[in-house]
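Step one of this worksheet: look at the structure below.
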Protein chains: 2
Amino acid sequence: MSEPQSIPNPPRRRAISKRALETRLNILDAAERLFAERGFDGASVRDIASAAGAQIASISFHHGGKEALFERVVERRASQLSQMRLDALAAVKTGGAEPALEAVLAAFLRPYLEKAASDPQWLAYARLVAMVSADARWHEISERCFDPTAGAFIAEIARLFPDADQTAIAVAFVFSVAAMLSLSTSKWRIEALSAASGNPADMNRLSDDLVRFCEAGMRAAINR
Amino acid sequence: MSEPQSIPNPPRRRAISKRALETRLNILDAAERLFAERGFDGASVRDIASAAGAQIASISFHHGGKEALFERVVERRASQLSQMRLDALAAVKTGGAEPALEAVLAAFLRPYLEKAASDPQWLAYARLVAMVSADARWHEISERCFDPTAGAFIAEIARLFPDADQTAIAVAFVFSVAAMLSLSTSKWRIEALSAASGNPADMNRLSDDLVRFCEAGMRAAINR
DNA sequence: GTCTATATGTAGATAGAC
DNA sequence: GTCTATCTACATATAGAC
């Protein structure tokens, strides 16, 4: 993924210098931040290069242009997050008894929530995903990066509740993902709307609230 | 709202020609569609003018530039939708008994759902709202156009459940709004993820599913 | 691999004729 | 109010020296 023209068994290829790898990584991180803040069209490769301390030309050189860079930014974290989620799902299923609905939903939601609570780059990534999901231009990315994992979780829930309507489960799952993403895009709004209470919206509490909310909503869909 | 420099009692002002009014309206409609499809930066005033059958210069003339046009597009429908929601809330409260939680949530969600089911421009508007909510650049619009109405509904729910945590209610409300908006941005995804079932995702059914999902989630937040 | 210089396109805004 | 023509700025991308 990080070597454009890599070959399964390259006969002879010079190692990439440490500095070049840093440049690539700095560009990816800066792009993630700026794309998340301003959107694909609002973030220019000039600003990204500048924020990364790199040359404008290095973006085309290392990543093959703006669009390819955007896809790499999304793919990098998506594959990591998918792995964490599927691992958590597998762990939940190793116990002898049937897993509880809450455990399955938590296996999907918690890996992201834990990352987002500790690393601002993951928060930026979620804003990016919200953009990707909302923009028809990036549907292909969604299908490739997100839908397989989402499908696995929906199938598992359907297996736990054989009598439930599968479409209703998928609908509730999409609602749950939307609620999850709103934590990164609308945290400011939660704080504004609950100003009276005074609490400054602690991330751990928000995470628990999200899992409770989604589980209750999913149960309502299953018992439809 | 549609007359930039209007004065409470204008001493003498020539009436705006019918054609000019049409130009203004055509621009608003085309802008709504293109902003929703491509985002603020992705939609050019050139394309908007062209889609509206108007001149590029007419956008600055009638609406005062691209940013001002964007705000007008959002404000136009936001004020209409707020009115419908507050009317529905008032209607729910006129009955002697305390309104049910479901009725309050429905008063917020149904007006939009009914519009979106019948008018593609309202679907486009929801994509726009999803953008506005996700982009820090437009927070001021959110606070001005959306938060007052949201606050009224949160206050009503808090009044119905005096022992519930107010922050938890606000959090669940934001999750509900996110789920609602996902109907416009992720309808294609619902269809992809529930392909096995075959149902082509009828909008009326999705609306019912949404209200059920949000009510169950909100109850879980209240009983926290 | 990096960096300068530049090619080529398009953006938003407006002056001034009609 | 409309429309043409044009201004200025900035976009992405790349060729070629180092």
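All heavy atoms count here, side chains included; hydrogens, waters and symmetry mates do not. Below, read A as the first sequence line, B as the second, and so on, with proteins coming before strands; counting in each chain starts at 1.
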Between [atom2] of [N] and [atom1] of [X], the distance in whole Å:
X	N	atom1	atom2	answer
B/Leu21	D/dT2	CG	P	10 Å
A/His63	D/dA13	NE2	C1'	16 Å
A/Phe35	D/dA11	CZ	C1'	13 Å
B/Leu69	C/dA11	CG	P	15 Å
A/Ile27	C/dT2	CD1	P	8 Å
A/His62	C/dG1	NE2	C1'	6 Å
A/Ile59	C/dG1	CD1	P	17 Å

For this session: For a side chain to side chain contact (heavy atoms under 4.5 Å, CB included) with A/His62, tell me which candidate from A/Thr23, A/Leu69, A/Ile16 qualifies.
Result: A/Thr23
Exercise. What is the ring orientation for B/Phe40 with B/Phe35, classed by angle as parallel under 30°, tilted 30 to 60°, or perpendicular over 60°?
Worked result: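 Geometry flag for B/Phe35 against B/Phe40: parallel rings.
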Check [Y] with [X], please: is the shortest side-chain N to carboxylate O separation under 4.0 Å?
X	Y	result
B/Glu71	B/Arg144	yes
A/Asp208	A/Arg212	no
A/Arg24	A/Asp29	no

For this session: Please check the phosphate of C/dT4 (OP1 and OP2 only) for any side-chain N or O of A/Gln55 closer than 4.0 Å.
Result: yes
Exercise. If only side-chain N and O atoms of B/Thr23 are considered, is one of them under 4.0 Å from the OP1 or OP2 phosphate oxygen of D/dG1?
Worked result: no
Exercise. Listed in order of residue number, which residues of residues 44-51 of chain B have a non-hydrogen atom at under 4.0 Å from DNA chain C?
Worked result: B/Ser44, B/Val45, B/Arg46
Please tell me which of the listed nucleotides, [options], lies nearest to the side chain of [X]?
X	options	answer
A/Ala57	C/dA13, D/dT14, C/dT2	D/dT14
B/Phe61	D/dA13, D/dT2, C/dA13	D/dT2
A/Arg19	C/dG1, D/dA13, C/dC3	C/dC3
A/Ser60	C/dG1, D/dC3, D/dT14	D/dT14
A/Ile56	C/dA13, D/dG1, D/dA13	D/dA13
B/Lys66	C/dA13, D/dC3, C/dG1	C/dA13

For this session: Give the intermediate values and the outcome of side chain to side chain contact (heavy atoms under 4.5 Å, CB included) for residues B/Ser58 and B/Ile27.
Result: CA-CA 9 Å; B/Ser58 65; B/Ile27 291 172; 3.6 Å; yes
Exercise. Bend across the helix from C/dG1-D/dC18 to C/dC18-D/dG1, to 10°, with axes taken over 5 pairs at each end?
Worked result: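 Inter-axis angle at the termini of the helix from C/dG1-D/dC18 to C/dC18-D/dG1: 0°.
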For this session: Quick one: which residue pairs count as a salt bridge (charged side-chain N to carboxylate O under 4.0 Å, His left out) with a foot in residues 34-55 of chain B, not counting sequence neighbours?
Result: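 As it turns out, the salt bridge (charged side-chain N to carboxylate O under 4.0 Å, His left out) pairs with a partner in residues 34-55 of chain B, which skip direct neighbours, are B/Arg38-B/Asp47, B/Asp41-B/Arg137.
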Exercise. Is the gap between the ring centers of A/Phe173 and A/Phe108 under 6.0 Å?
Worked result: yes
